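The block underneath contains the structure these notes are about, expressed in structure tokens.
Note that the coordinates shown come from a computational prediction; the quantities given were computed from them, not determined experimentally. As the structure lists them, so they are numbered: ligands from 1, and atoms in each ligand from 1.
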Amino acid sequence: MSEGDNDSATDRLTTGLIHHRYQPPAGFGAVPPGVFKASTVIFKDTAALRARRWQDKTGYTYGLHGTPTTFTLEERIASLEGGRHTLLAPSGLAAIALVDLALLAAGDEVLLPANVYGPSRELARHELARLGVAHRLYDPLDATALADMIGPQTKLVWLEAAGSVTMEFPDLAGLVAACKARDVITALDNTWGAGIAFAPFDCGVDISMQALTKYASGGADVLMGSVTTRDDALHQRLKTTHMRLGLGVGANDAELVLRSLPSLVLRYTAQDAAARRLAAWWHGRSEVVQILHPAFEGAPGHAHWASACRAAAGLFSVVFDARYTQAQVDAFLDTLRLFKLGYSWAGPVSLVVPYDLTALRGTGAGAGQGMLVRFAIGLEAADDLIADCEQALPALTA
Ligand SMILES: *Cc1c(COP(=O)(O)O)cnc(C)c1O
């Protein structure tokens, strides 16, 4: 056999493996919607290539602009949120940045709740400021004060329900009404509600954003964000910026979230119930002076939560009595066995994070100056989690 024969044989093999004649039978049905991976999308002819617009979901253009997998996830999140259009971003924070960059220009102002997700404020303080966009913080419990703050340069108001760490539930109806009266776009960080605790668009918001990293994923193994709207024109504005920024998500990540969605309501409900049991247990303890859980009477914004919500996330904070030092609270946290130290929430493993209340405190909760610990309840048995806290308590006074 000559060398040339060998070359053409391997060529045929290589090309044959790439352009193989076999096509599996159509009509495969299974429970998972399947995973499609692509950068390149193949057009059947030049007419199809020229006719294709990336702006809609009637077909495919390029992996970044959508695949059956990402379209499927977008549609399911849109339904979950009660919206019409959803865009996916590589993280919750990227989804926040997308909204900011799509809607704000030099000279504009964005208003953030004082208890806003910290990195969203950092984005405003640094990146938005560099682009000439100003920001101010408002009290999420005072709609009248927000109405007074809105000026001609105010182009976007972020809402968060409940707020991060201190968990104040805002006067959503009042805040949205104040913005609507001045024609200002409202964007809700709906990570806590997850589409389950309340229907975001029924509250009148224009945009509902979620860190799918939390409840939609539920596995502590994927980062993703979503931006959902009802309004076609607003969606197109966001989608254009989304495309120009090149924000895409990986097919395997989209698959993970698609796999988790069927159990979303079950997980949310279970973590809600377990968190309320844990919070109730802490409520009876003399070591803590305040329970920051919006479903608890006396928690800031409780009345707003009660009027707006049918459920709560598995998340709450407790404020320790000021007599306990940081070192003592740290010793308690380090003695926990089931609870792990770490950020994020809504995964299977329960988590704790200590926060410095004085550094955090904007407005809202009228707690003292003690150490704050946030509890994110996982899927362990509530009794085991209570027992874990109980066995670690002596470390507080050791
Ligand atoms: C986690 C979180 C985010 C950001 O999500 P990432 O995917 O971690 O970037 C935004 N908002 C809230 C309220 C969150 O809890």
Side-chain angles (χ1 to χ4, degrees), residues 73 77 81 86-101 110 112-125 127 137 140 156-170 172 186-198 200 205 207-228 242 245 247-250 253-254 256-257 260 264 267-268 271-272 275 292-294 301 305 309 312-317 342-347 349-353 355 360 362 364 372 374-378:
L73 180 54
I77 298 298
E81 294 273 48
T86 294
L87 296 165
L88 301 174
S91 68
L93 185 55
I96 293 170
L98 166 63
V99 172
D100 287 341
L101 293 175
V110 56
L112 308 174
N115 54 9
V116 69
Y117 175 66
S120 173
R121 184 178 176 183
E122 290 304 295
L123 177 69
R125 279 177 54 170
E127 303 310 315
L137 301 178
L156 175 65
V157 173
W158 274 101
L159 309 159
E160 200 173 314
S164 282
V165 185
T166 43
M167 311 296 302
E168 299 91 343
F169 202 93
L172 270 183
T186 48
L188 169 73
D189 184 330
N190 195 30
T191 305
W192 181 93
I196 297 169
F198 60 95
V205 299
I207 297 168
S208 183
M209 163 268 153
Q210 272 195 50
L212 303 180
T213 305
K214 308 290 168 48
Y215 270 109
S217 148
D221 53 1
V222 61
L223 290 153
M224 200 178 293
S226 63
V227 176
T228 302
H242 182 265
L245 290 174
L247 298 176
V249 303
D253 287 346
L256 280 175
V257 178
S260 294
L264 172 64
R267 288 184 283 105
Y268 195 93
Q271 292 188 340
D272 179 3
L292 300 173
H293 185 310
W305 173 85
C309 293
L315 205 60
F316 67 93
S317 297
Y343 294 102
S344 199
W345 38 282
V349 171
S350 292
L351 300 169
V352 281
V353 182
Y355 288 93
L360 258 182
L372 181 151
R374 188 184 71 183
F375 289 79
I377 305 304

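Using a 4.5 Å heavy-atom threshold, the side chains of Leu73 and Met224 count as touching. Taking the side chain as every heavy atom from C-beta outward, Arg374 and Trp345 approach each other to under 4.5 Å. Contact of the Tyr355 side chain with the Thr166 side chain is not registered, since no non-hydrogen atoms from C-beta on lie closer than 4.5 Å. Between Glu81 and Thr86, every side-chain heavy-atom pair lies at or beyond the 4.5 Å cut-off.
Here the side chain of Asp272 pairs a donor or acceptor atom with the backbone of Ala312 at under 3.5 angstrom.
Of all protein heavy atoms, the one lying nearest to atom 7 (O) of ligand 1 is Thr213 OG1, 2.5 Å. Protein heavy atom at the shortest distance from atom 5 (O) of ligand 1 is Ala211 CB, 3.2 Å. Among all protein heavy atoms, the one lying closest to atom 6 (P) of ligand 1 is Gly92 N, 3.3 Å. Looking only at protein heavy atoms, the nearest one to atom 12 (C) of ligand 1 is Asp189 OD2, 3.4 Å.
In this structure, Trp192 falls outside the shell of residues with a heavy atom less than 4.0 angstrom from ligand 1. Residue Gln210 places no heavy atom under 4.0 Å from ligand 1.
Residues Tyr117 and Trp192 place their aromatic rings such that the two centres sit no closer than 6.0 Å.
Those atoms of ligand 1 with a heavy atom of Trp345 less than 4.0 angstrom away are 15 (O). Proximity to Lys214 (heavy-atom distance under 4.0 Å) selects the following atoms of ligand 1: 1 (C), 2 (C), 3 (C), 14 (C), 15 (O).
Ligand 1 has no nitrogen or oxygen under 3.5 angstrom from a nitrogen or oxygen of Glu160. On a distance-only criterion, Ser164 and ligand 1 share no N/O pair closer than 3.5 Å.
Here Leu93 has heavy atoms under 4.0 Å from ligand 1 in both its backbone and its side chain.
The minimum heavy-atom distance between Pro90 and Val249, with the atom names listed, is N-CG1, 3.9 Å.
Tyr215 and Tyr268 have tilted rings, their planes meeting at an angle from 30° to 60° on a 0 to 90° scale.
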